[in-house]
Amino acid sequence: MNKEQQQLLSYALAAIMAFSVCGMAAEKKIRLTIASNNTTAHPAYPAIEDLAKELKEKSGGNLEMIIAFSGAMGSDREITEAVMNGGVEMMYISDIGMGAVIPKLAYVNLPYLFKSRKEAEDIYHNGWMGERFRQTLLENNIVVVGGMMETDFRWMSNSRHPIQKPEDLANLKMRVVESPMYVKFFEHLGCLPVGMSISEVAAALQQKVIDGQDNGPITTYTFGLHEFQPYMTMTNHAYASLMFSINKDVLEEMSSSQRAVFEELVGKYSAICYENIKKGIDQRCREMEATGMTIIDTTPDLSEFMLEAAKKVWADTTVTRLFDQEVVARILSGDM
């Protein structure tokens, strides 16, 4: 290549770079507030901070993520409604919160629906049920981006005694999610269910308004609920997933290059968040045991008793009448 050709190549490269920079600068700057009721102590939080940082860098500052955790934007219900109507751009909440607003998809939280993490991943996260779930959200102006991740299985904790057999559940005042599905389930168990927001649970435990609650180790620890309950049983009686979701109109407002960067990074960091959550489950258990909490495995008798109670909920049309009926029929048929 002679000197003249080198100079022409240099001019061409400079023009391409200038065009790229100008194109990036010309893109509309989009601010993405991501709302969550999870606290900053959640195992996924550091990765979400990294996501916000890398998103800004790789978009040339045209995609800015503002993290609003610890209920700064309201309850899960309020956050879901805000993302649906575009008042908030993004959310990082569980499917339980979404189901309170969009009951058609609340089937994913039926008690004892999944026997293991692998089953939940195969059927829900990466299978037919997840596709159905995402489609229902899309119909409500919400797009799931990246992979789904576990909140952790729900366990039972209380301040009265270890739960090892069915009779240990009798007349326990248990805080439950404000959902007819969970109220019915705990009634079938012989408990006295009390529906209340997660933000009220610590005070209710401390004041003996309730005897216990049913969250997994991450939520129990991050909300400080282990401080008021010395007993926890690994019942694995219900499953929920977390996910990154965005208002559909906001996503479509992005340029093709912005959207490519956004989807790539959310995919990358949802996988990192999930790994942090799985590690965080064991870590939180160790930390709670270090403070004096006793964590025990369930027993066959207790599991069988709770499964029978769950099946009554599955077949209860007063509970499931607003759920996606095709999915309910498939669950009842055993064709998962």
Side-chain angles (χ1 to χ4, degrees), residues 75-81 84 93-115 119-120 123-124 128-130 132-137 139-140 142 151 153-156 158 163 166-198 200-201 204 209-216 235-241 302-336:
S75 66
D76 282 354
R77 172 186 284 275
E78 291 167 327
I79 291 169
T80 301
E81 290 172 343
M84 284 173 66
I93 68 170
S94 76
D95 46 26
I96 293 178
M98 297 177 190
V101 180
I102 311 169
K104 185 178 179 180
L105 51 72
Y107 56 83
V108 293
N109 302 127
L110 281 165
Y112 279 98
L113 184 61
F114 304 115
K115 299 181 184 68
E119 189 170 276
I123 297 170
Y124 180 17
W128 70 269
M129 193 176 287
R132 191 85 175 198
F133 183 91
R134 288 170 184 260
Q135 181 58 40
T136 299
L137 278 180
E139 292 164 5
N140 286 273
I142 297 172
T151 62
F153 273 98
R154 299 180 85 89
W155 298 350
M156 285 193 188
N158 80 103
I163 298 172
E167 47 266 43
D168 292 332
L169 295 168
N171 298 316
L172 276 181
K173 290 180 289 184
M174 296 290 289
R175 176 269 174 177
V176 300
V177 174
E178 296 174 283
S179 158
M181 174 169 61
Y182 283 110
V183 171
K184 289 272 189 179
F185 177 57
F186 277 84
E187 286 176 346
H188 290 314
L189 294 177
C191 297
L192 304 174
V194 181
M196 67 173 65
S197 168
I198 187 66
E200 303 173 73
V201 176
V209 174
I210 53 176
D211 298 314
Q213 55 95 47
D214 77 316
N215 279 294
T235 49
N236 280 8
H237 61 272
Y239 186 88
S241 289
L302 180 62
S303 293
E304 182 61 30
F305 174 72
M306 293 180 69
L307 177 58
E308 289 307 309
K311 288 179 178 178
K312 292 176 185 177
V313 176
W314 297 3
D316 189 339
T317 55
T318 66
V319 171
T320 63
R321 63 188 178 85
L322 297 179
F323 297 177
D324 185 322
Q325 291 304 297
E326 290 185 21
V327 176
V328 172
R330 189 162 175 177
I331 291 168
L332 291 174
S333 73
D335 180 25
M336 294 274 283

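Just so you know, residue 1 is the first one in the sequence shown, and it goes up from there.
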Mind checking the [atom1]-[atom2] spacing from [X] to [Y]? Nearest 0.5 Å is all I need.
{"X": "T235", "Y": "L307", "atom1": "OG1", "atom2": "CG", "result": "12.5 Å"}
{"X": "D214", "Y": "F186", "atom1": "CG", "atom2": "CZ", "result": "3.5 Å"}
{"X": "L105", "Y": "Q135", "atom1": "CG", "atom2": "CD", "result": "11.5 Å"}
{"X": "W128", "Y": "D335", "atom1": "CH2", "atom2": "CG", "result": "7.5 Å"}
{"X": "K104", "Y": "M98", "atom1": "NZ", "atom2": "CE", "result": "16.0 Å"}
{"X": "K115", "Y": "F153", "atom1": "NZ", "atom2": "CZ", "result": "10.5 Å"}

Could you check whether any side-chain N or O of [X] sits under 3.5 Å from a backbone N or O of [Y], counting only pairs where one atom can act as donor and the other as acceptor?
{"X": "T320", "Y": "F323", "result": "no"}
{"X": "Y182", "Y": "N109", "result": "yes"}
{"X": "W314", "Y": "P111", "result": "yes"}
{"X": "H188", "Y": "A310", "result": "no"}
{"X": "D211", "Y": "M174", "result": "no"}

Between [Y] and [X], is there a side-chain heavy-atom distance shorter than 4.5 Å?
{"X": "M156", "Y": "D168", "answer": "no"}
{"X": "V209", "Y": "K173", "answer": "no"}
{"X": "L110", "Y": "F185", "answer": "no"}
{"X": "R175", "Y": "E200", "answer": "no"}
{"X": "N140", "Y": "T80", "answer": "no"}
{"X": "I210", "Y": "M196", "answer": "yes"}
{"X": "K312", "Y": "D316", "answer": "no"}
{"X": "E308", "Y": "K311", "answer": "yes"}

Ring geometry between Y239 and Y124 (parallel below 30°, tilted from 30 to 60°, perpendicular above 60°):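 Because their plane-to-plane angle is over 60°, the rings of Y124 and Y239 count as perpendicular.
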
R330 to Y107 six-membered ring, cation-pi geometry met (6.0 Å, 45°):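 No; the conditions do not both hold, so R330 does not lie above the ring face of Y107.
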
Looking only at non-hydrogen atoms, find the nearest pair between [X] and [Y] and report the distance.
{"X": "Q213", "Y": "N215", "answer": "OE1-ND2, 2.8 Å"}
{"X": "L169", "Y": "C191", "answer": "O-SG, 3.4 Å"}
{"X": "E187", "Y": "P193", "answer": "CG-CG, 3.7 Å"}
{"X": "V101", "Y": "P103", "answer": "O-CD, 3.3 Å"}
{"X": "T151", "Y": "S241", "answer": "CG2-C, 3.8 Å"}

Distance-only polar pair, side chains of N236 and W155, donor-acceptor under 3.5 Å: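 Distance-only check passes for N236 and W155.
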
Verdict with reasoning, K184 to T318, per side-chain contact (heavy atoms from CB on, under 4.5 Å): CA-CA 10 Å; K184 289 272 189 179; T318 66; 4.0 Å; yes

Residues R77 and E178 bridged, charged N to O under 4.0 Å: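 Looking at R77 and E178, the cut-off is not met.
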
